[in-house]
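To find a chain, count down the sequence lines: A is the first, B the second, and so on, and within it residues start at 1.
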2 protein chains.
Amino acid sequence: MPQGESGADARSARPTMKDVAALAGLSIKTVSRVVNGVSTVDPELATRVQDAARKLGYRPNLTASNLRRSDGRTLTIGMLVEDAANPFSAALMRAAEDIARSRGVLVLFGSLDEDPARERELVEALLDRRVDGLVMVPAGRDQSYLAAEQQAGTRMVFVDREPGLLGADAVVSDNRQGAITAVEHLLAHGHRRIGYLGDQITIPTAAQRFDGYQYALEYARLPLDPDLVRHDLHSTEAAEEAVEQLLALPEPPTALFTSQNLVTIAACRALRRLRKHQEVAMVGFDDFPLADILEPGISVIAQDADALGRIAAQVLFSRLDGDTSATRTMTVPTRLIPRGSGELTPRSVRA
Amino acid sequence: MPQGESGADARSARPTMKDVAALAGLSIKTVSRVVNGVSTVDPELATRVQDAARKLGYRPNLTASNLRRSDGRTLTIGMLVEDAANPFSAALMRAAEDIARSRGVLVLFGSLDEDPARERELVEALLDRRVDGLVMVPAGRDQSYLAAEQQAGTRMVFVDREPGLLGADAVVSDNRQGAITAVEHLLAHGHRRIGYLGDQITIPTAAQRFDGYQYALEYARLPLDPDLVRHDLHSTEAAEEAVEQLLALPEPPTALFTSQNLVTIAACRALRRLRKHQEVAMVGFDDFPLADILEPGISVIAQDADALGRIAAQVLFSRLDGDTSATRTMTVPTRLIPRGSGELTPRSVRA
DNA sequence: TCTCGTCCAGACAACGTTGTCTCGCCGTCG
DNA sequence: CGACGGCGAGACAACGTTGTCTGGACGAGA
C-alpha cells in the first residue's frame, strides 16, 4: 500500500483556518483570535471554533504565522557543533535542547567537522530558514561575515570557542587553567619530563591548552623540550604513532598531557599496546565515558559540557528576550578528576 | 555595546526581493526568476539582478518561499531519538544529517527520553513547522495518531523500532538474531547458566532481544531459570545492583547477556567492583567506545547505527521523491565482536 | 505588408496567517 | 430620547515569495 498521497492532494488535505472558519460559520480572523488565545472573544464562539478545529484536526501553520507576525519568530534556533556524533558535541546539543524546549523552541543542528567552508554554508542555510538565533562552536577563525546578520537582529552565542573578529557572547571552558592544573598535578607527583599531545594548534582551545602547558612548566622553572611536544594529531592513528615515538626517545617522558578527548583515548590505546599504561602517567583534557573503569582509571580535566550548552542557550534566550547589555565571554571552570593514571610516579617505571 | 538592533529595526534590516528589484530597476518576479535559476531571463538582466542581490546581501526567505511553492517543501526534516546525548542516538542523527545535507536539507531534532507524551508533543511541534518528513525512534507503542498526517502527505520512517498500529517504513537491527548469536556464543564456550539483564521489557527492541535469549536457550534444550532474568534496569544503579544480586545467588550464572549499552557498562562496573570481571563471561548488545581497551575487552553484538540512520534517511528521501511502493521494514544485520569477555569459560572461575 | 508565433518581462493573485481599521450592537448617561 | 463609549466580529491589507496570465517586441513566413 502506498504511504500517504501524492504531492498535489497532500496540500489540500491539511485544513487551514479558512476551513475551520467555514465549519464554525465565523470569520478567519476570529479563528485566529481563538487560536492565539486573545481574550476578547465571546466564550461561546470560542468553543465553536475549538470544536471545529478539533473535528478537522486543525494545526496552525507556523511558517505562515512567522511570515506575518510582527516579531517574526520561528520558534526555532540553529546549533552548529563539531560533530553531532562526538560525545562532547552531543552533550552540548542535548543541554541546549532542554533549555529550548522549555520555551517551545526546537533546534536545527549541523556538524561542521572543523571545516570553515561548511560553517558558512550551514550558517546560511540556517539563516535562510530564519532561525531566531544561533548557538555555535565555530570551525573557522573569522566570523566577521556574521556582522551584518548580527546587525539585522539575529542573536548568536558561541560555545567552547570564542568568535574571531566579531563581538558576540561566548561561553567557554577555562582551557588554560585546566591545562595548568593538569600539568601541575603531574609535577606534584614528581614528573619532570611531561609530553604534550594535542590537536591542531590552529583550534583556539588547543592553543589555550598548550599555552597552559607551557605556562605551568615555565612557572616550575622547567625547560620546554620541543621533542616532547606533538601538535596536529587529528586522527587516532597519528595520535597513537606520536605516543610510540615519544616513548622511543632516548629520554622518554614519564608523563603525558593529552589535550583532547580522542587524543587521550588514542594514547590509552597506544600505552596499552606498549604495556606501559601502568608506568607512564597521563592526564587528559575532557572526560569521557568509562574513563573510570580502565586500569588504571584515566585522570582527566573534566569540562562541564552540560553547563556550556545550557548557559549558551540561556544567554541566547536572554538576548532574544531583549537583553541588550554588553556582550561578554563567560568562563565555565574545569575540574580535575584523579583516577589513577595521573597519580603514577616516575619511580613506578619498570620496577 | 548592545548586540544587533531591537525587534522593529531588525525586520526592516533584511533586504527582500522587492529591495533587490528596486535597485536593479526590474520587477520582483524577474528577481524571483533569477534567484530560482529560471533560464528564460535575459543574461544581462540576470547579472543586473545578481549584482544588486550581492550588493544588498540578499538572502531568500525560505519560509515565505515554502508558503507559496506548490510542492510546499521546507527543506527541513524532523528527527526524534531517545536522547541526543546517547552515543547510539547521536550516531543515528549524524548519519541522517549527512544524507540530508547532500540534498540541501537540514534536520530538526528532539529527545524523547522514552516518554510517549513527549513523542506526541514533539511530533506536533515538528508538523507545525511543516517539516517535509520525519525520522523517529518511537517512544510509545501506538503511532496510530500519525495516520491522518501520513494521509496528509507527511512521509515518515521509523528507526531502531517499528511503529505500532501504523503502516510505515522502518529500519531496524536484527535484535532477535543478535541476541541468539550472543547466547549461542556463550553456550559454545561452555556456559550453561547465563544471566539476562535488560532494559524495560515494554521497549520492543528489549523484548526482541529477550525473545532471542529465550529461543537460544530453548534450542539448546536448557531450562530458563527466572532467577537469572532481570528486566526494567533503566538506571545504572539498578543494573549494578542486579548484577550483584545475580552473583550472590547460591548457583550464580557463569555468564551474562546484557541487552543494552548502558546496562552493559553498568555490568562491567559491577563485575569490576566484585573483582569477577576475569571470571564471569559477558556479551553485551550494542557496541560502545573503549569496549576494546578494557581488560578483558568486552565482547559485543554490534549494531550498525550509521547504517540504520543512513538507510532511514535514504528511505525517507526516496519517499519524498515519489516512491509509492509498499511500506516495508528493512533489517540491518548485527555483528558479533569477540574481545575477550565473551570467550571466558566456566572453568576460569576462581582458579 | 500582414499575420502569426515566440520570447520574455511584468501585473496580479495567491499561499496561511496576523495587524489594523471599521462598523454594528448594546448599555449607559445626560 | 439621543449621544457616546466600549466591546467584539469581520473586512482588508500585508508578510515575502511564486504560479498564472497578459501583453509588447520582434522575427519569420506568406
Measure the distance from [atom1] on [X] to [atom2] on [N] and round it to the nearest whole Å.
| X | N | atom1 | atom2 | answer |
| --- | --- | --- | --- | --- |
| A:D128 | D:dG16 | CG | P | 15 Å |
| A:K18 | C:dT18 | NZ | P | 16 Å |
| B:N61 | D:dG16 | CG | C1' | 6 Å |
| A:D71 | D:dC15 | CG | C1' | 13 Å |
| B:N66 | C:dG16 | CG | C1' | 11 Å |
| A:R48 | D:dA9 | CZ | C1' | 11 Å |
| B:D19 | D:dC15 | CG | P | 11 Å |
| A:E44 | D:dA9 | CD | C1' | 14 Å |

>> With a 4.5 Å cut-off on side-chain heavy atoms, are A:L112 and A:V137 touching?
In response: no
> Looking at side-chain heavy atoms only, is the closest gap between A:S111 and A:D83 below 4.5 Å?
Replying inline: yes
With a non-hydrogen cut-off below 4.0 angstrom, is [X] in contact with a base, only sugar-phosphate, or nothing?
| X | answer |
| --- | --- |
| A:S65 | sugar-phosphate |
| A:V41 | sugar-phosphate |
| A:T40 | sugar-phosphate |

Out of [options], which has the shortest distance to the side chain of [X]?
| X | options | value |
| --- | --- | --- |
| B:T16 | D:dG16, C:dT18, D:dA9 | D:dG16 |
| A:R69 | C:dA9, C:dT18, D:dT18 | C:dT18 |
| B:L67 | D:dT18, C:dG10, D:dG16 | D:dG16 |

> Distance check: side-chain N/O of A:S27 vs OP1/OP2 of D:dG10, anything under 4.0 Å?
Replying inline: yes
>> Please tell me if B:T30 has a side-chain N or O lying less than 4.0 Å from either OP1 or OP2 of C:dG10.
In response: yes
> Can we say A:D51 and A:R54 salt-bridge, meaning some charged N sits less than 4.0 Å from an Asp/Glu carboxylate O?
Replying inline: yes
>> Using a distance-only criterion (donor-acceptor N/O pair, under 3.5 Å, no hydrogens), is the base of C:dG19 paired with the side chain of A:K29?
In response: yes
>> Between the base of D:dG19 and the side chain of B:R33, is there a donor and acceptor pair under 3.5 angstrom?
In response: no
> When rounded to the nearest 0.5 angstrom, what is the spacing between CD in A:E124 and OH in A:Y145?
Replying inline: 9.0 Å
>> Which is more 5' along DNA chain C, the nucleotide nearest B:A64 or the one nearest B:P43? Just name the residue.
In response: B:P43
>> Treating B:Q150 as the side-chain partner and B:G167 as the backbone partner, does any N or O pair qualify as donor plus acceptor under 3.5 Å?
In response: yes
